[in-house]
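Each chain gets a letter, A, B and so on, in the order the sequences are listed, and its residues count up from 1.
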Protein chains: 2
Amino acid sequence: MSELKDKDKKIARYAKALGHPVRIYVLNLLSEQSCCYSGDLSEKLPIAKSTLSQHLKELKDAGLIQGEIESPKIKYCINKQNWSEAQLLFKEFLNL
Amino acid sequence: MSELKDKDKKIARYAKALGHPVRIYVLNLLSEQSCCYSGDLSEKLPIAKSTLSQHLKELKDAGLIQGEIESPKIKYCINKQNWSEAQLLFKEFLNL
DNA sequence: ATTGTAGTTCGTTAATTTACGAACAAATGT
DNA sequence: ACATTTGTTCGTAAATTAACGAACTACAAT
């Protein structure tokens with residue numbers, strides 16, 4: 001009855017955050033262009049802006065992105081530190 | 001209003017399957033020892049066997065593992081083809 | 001025929017996720 | 001002051017997820 005390792009929990013936490021097409025889309029975009037506004041995404045995605053906001057919040061809560069106020073907009077960027085951690089964890093997990 | 005790409009959906013689908021510590025644990029084990037039985041896992045994990053069965057089913061449904069009957073046990077292995085696909089997709093996605 | 005083993009399926013419950021529109025907040029522009 | 005822009009939060013509903021124990025199925029062994 002060994003307990004689950006923190007590393008397993010961490011990977012699962014990141015994976016869960018990646019577990020929706022919209023969130024994959026957002027991260028893909030951010031890895032290409034480093035930053036974006038919610039409005040940019042809202043134009044391109046076929047979902048309500050409140051739903052998008054929820055997805056962004058989840059990515060934020062998982063630590064994968066961060067928002068910076070640029071009134072009246074909010075500029076979203078990759079959270080580089082955590083993104084690196086996620087890359088490392090997945091790389092190891094996937095034997096890449 | 002571009003539609004989400006199939007590739008994004010595929011990555012999200014795999015990521016979702018990875019989104020629980022127990023499932024990470026199982027896949028980790030299977031990448032080490034290639035095969036295992038549900039009982040092996042049940043001994044090691046602090047969850048009910050029915051719950052484990054559910055997690056295995058999810059991994060199966062996502063295509064990441066496959067079960068082979070070896071009465072009265074079931075031998076679980078990585079689904080190599082889909083695992084390779086997942087590796088490739090994540091590798092690309094994560095810029096590894 | 002009966003028992004035992006291995007694991008799944010069922011029934012249930014609680015929590016989480018996804019989605020929407022409406023209402024709201026903050027800051028800028030008029 | 002007031003409207004506009006940008007995005008979040010609220011309230012709600014439907015669907016999915018996670019967990020358990022009990023009941024079940026399939027096969028092997030006695």
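When the C1' atom of D/dT16 is taken as reference, atom CG of B/D61 falls 13 Å away, rounded to whole Å. Rounded to whole angstrom, the span from the NZ atom of A/K60 across to the C1' atom of D/dT9 amounts to 12 Å. Atom CG of B/L52 is separated from atom C1' of D/dA18 by 13 Å (rounded to the nearest Å). Atom NZ of B/K73 is separated from atom P of C/dG7 by 7 Å (rounded to the nearest Å). In this structure, the CD1 atom of B/I74 is 13 Å from the P atom of D/dA28, given to the nearest Å.
A/H20 and A/H55 have tilted rings, their planes meeting at an angle from 30° to 60° on a 0 to 90° scale.
Applying side chain to side chain contact (heavy atoms under 4.5 Å, CB included) to B/L59 and the options B/V26, B/N79, B/I78 leaves one that passes, B/V26.
Here A/S53 lies in heavy-atom contact (under 4.0 Å) with a base.
Side-chain atoms of A/E58 never come within 3.5 Å of backbone atoms of A/A17 as a donor-acceptor pair (strictly under, hydrogens ignored). Of the possible polar contacts, one joining the B/N82 side chain to the B/G63 backbone as a donor-acceptor pair under 3.5 Å is found. A side-chain donor-acceptor contact under 3.5 Å links B/S84 to the backbone of B/K80.
The end-to-end axis angle of the helix from C/dA1-D/dT30 to C/dT30-D/dA1, rounded to 10 degrees and based on five pairs per end, is 0°.
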TODO: Kindly indicate, with the supporting measurements, whether the criterion side chain to side chain contact (heavy atoms under 4.5 Å, CB included) is fulfilled by B/I74 and B/E68.
DONE: CA-CA 6 Å; B/I74 294 177; B/E68 191 188 329; 5.9 Å; no

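Residues that satisfy the side-chain contact (heavy atoms from CB on, under 4.5 Å) test with A/S53, not counting sequence neighbours, are absent from this structure.
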Whether each nucleotide of nucleotides 14-27 of chain C has a protein heavy atom under 4.0 Å at its base (B), only at its sugar-phosphate (S) or at neither (-) is summarised, 5' to 3', as --SSBBBBB----S

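Looking at B/Y37 and B/K75, their side chains come closer than 4.5 Å, going by heavy atoms from C-beta outward.
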